Amino acid sequence: HIDDPSYYSGYGDPSLIHSSFFINNSAPQGGAINAHGYSLNFISIVNSKFSDNSAGDGGACYFNGGGGSYRNVEIIGCYFDNNTAGKGGALYVYMNAIVENTTFKNNVCSTTGSAIYRKFNGLNIVGCSFNNNNSNGGALIKHFPYHNDTNIDWDSYQVTTIDNSVFYNNYCSTYNDGYLLDLVYLEISNSFIMAQNEISSFAVKAMSIGENNIFLNKVLKYFELNTS
């Protein structure tokens, strides 16, 4: 149905999706998958493709477990292409998330998070590729934090970790300086990040640590980054 997600998960047991295709679906939240509920504990999506889906939040997938360290989603070996949304062109995540060996390409948002909009919880990205995603109002990956004070001691579940990943040819509008990664606390290693060519744009806005990274163009604003 054009007005409903093609896959809906609410309360109950863990949800497992494997080797599936979600193409040209549309919904208010989660064009292809809308998974939410306070009893939602675990979602696993493996070797699946999401293309040409659209929604207000989460163009391809909307995951909302209401926070909590025990609510988790894993996305492994997937492909997100040409999905569109207001927030989270590909993914809107309000759970702990692990994203591995996944490609985000040609996703678009009108506000922020052209690839991923993450609310509160932890995010771990490993071996992923982000290419030609477009955000008209914010970042490629956006973290909406639980607190507004960037000087506090952040809970570990709000850390974003990125390892062995590539970011290139992505565009973010110069609103808020056009950050590719607008996060609170970032641990990044063994990755390649190409910022935009616009003089007002930066790659990363975060309290950041990491090593063995390659950055092109302007990189960081406000906080120190260890790139040894």
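Values in this document were obtained by computation on a predicted structure and should not be read as measured data.
D81 places no side-chain N or O within 3.5 Å of a backbone atom of S51 that could act as its donor or acceptor partner. Not a single donor-acceptor pair under 3.5 Å links the side chain of N53 to the backbone N or O of A32. A donor-acceptor pair under 3.5 Å links the side-chain atoms of T102 to the main chain of C78, judged by distance alone.
A continuous path of hydrophobic side-chain contacts links I116 to I43 [ILVMFWY only; heavy atoms under 4.5 Å].
Counting only N and O atoms by type, the side chains of S114 and N134 include no donor and acceptor under 3.5 Å apart. If you check the side chains of D52 and N82, you find a donor sitting under 3.5 Å from an acceptor. Side chains of E187 and T161: a donor-acceptor N/O pair is absent below 3.5 angstrom, by distance only.
Applying the side chain to side chain contact (heavy atoms under 4.5 Å, CB included) rule to N132 yields the partners N106; only residues at least two apart in sequence or on another chain are considered. With sequence neighbours excluded, the residues that form a side chain to side chain contact (heavy atoms under 4.5 Å, CB included) with A115 are F104, F130, L140. N133 is linked by a side-chain hydrogen bond (donor to acceptor under 3.5 Å, both in side chains) to N107, N170, counting only residues two or more places apart in sequence or in another chain.
Here the shortest heavy-atom pairing between M95 and V93 reads O-CG1, 3.2 Å. Counting all heavy atoms, side chain and backbone alike, N83 lies closest to G89 at CB-O, 3.2 Å. In terms of heavy-atom proximity, A55 sits nearest to G31 at CB-N, 3.5 Å. When every heavy atom of H18 is checked against every heavy atom of S48, the shortest pair comes out as C-OG, 3.9 Å. Across every non-hydrogen atom of K87 and T111, the tightest pair is CG-OG1, 3.2 Å. Summarising the geometry of G59 relative to A85, their closest heavy-atom pair is N-CB, 3.3 Å, with the distance given to 0.1 Å.
Taking CG of N124 as the start and CD of E74 as the end, the distance is 11.5 Å to the nearest 0.5 Å. Of the inter-residue distances, the one linking I75 atom CD1 with N47 atom CG reads 12.5 Å to the nearest 0.5 angstrom. A distance of 11.0 Å separates CG in D163 from CD1 in I125, rounded to the nearest 0.5 Å. Going from atom OH of Y117 over to atom SG of C109 covers 10.5 Å, rounded to the nearest 0.5 Å. Summarising the geometry, atom CD1 belonging to I162 is positioned 10.0 Å from atom OG belonging to S189; distances are rounded to the nearest 0.5 Å. Rounded to the nearest 0.5 Å, atoms CD1 (I98) and CG (N72) are 6.5 Å apart.
The side-chain heavy atoms of F42 and V73, taken from C-beta on, include no pair separated by under 4.5 Å. Using a 4.5 Å cut-off on side-chain heavy atoms (C-beta onward), I45 and I33 make contact. With a 4.5 Å cut-off on side-chain heavy atoms, I17 and V46 do not count as touching. Counting heavy atoms from C-beta outward, K119 and Y92 have side chains that approach closer than 4.5 Å. Residues F80 and C61 have side chains in contact (heavy-atom distance under 4.5 Å, counting atoms from C-beta outward).
No cation-pi contact links K49 to F21, judged by a cut-off of 6.0 Å to the six-membered ring centre and 45° from its axis.
Shown are Y79, Y168, F167; of these, the side-chain contact (heavy atoms from CB on, under 4.5 Å) with S129 is made only by Y168.
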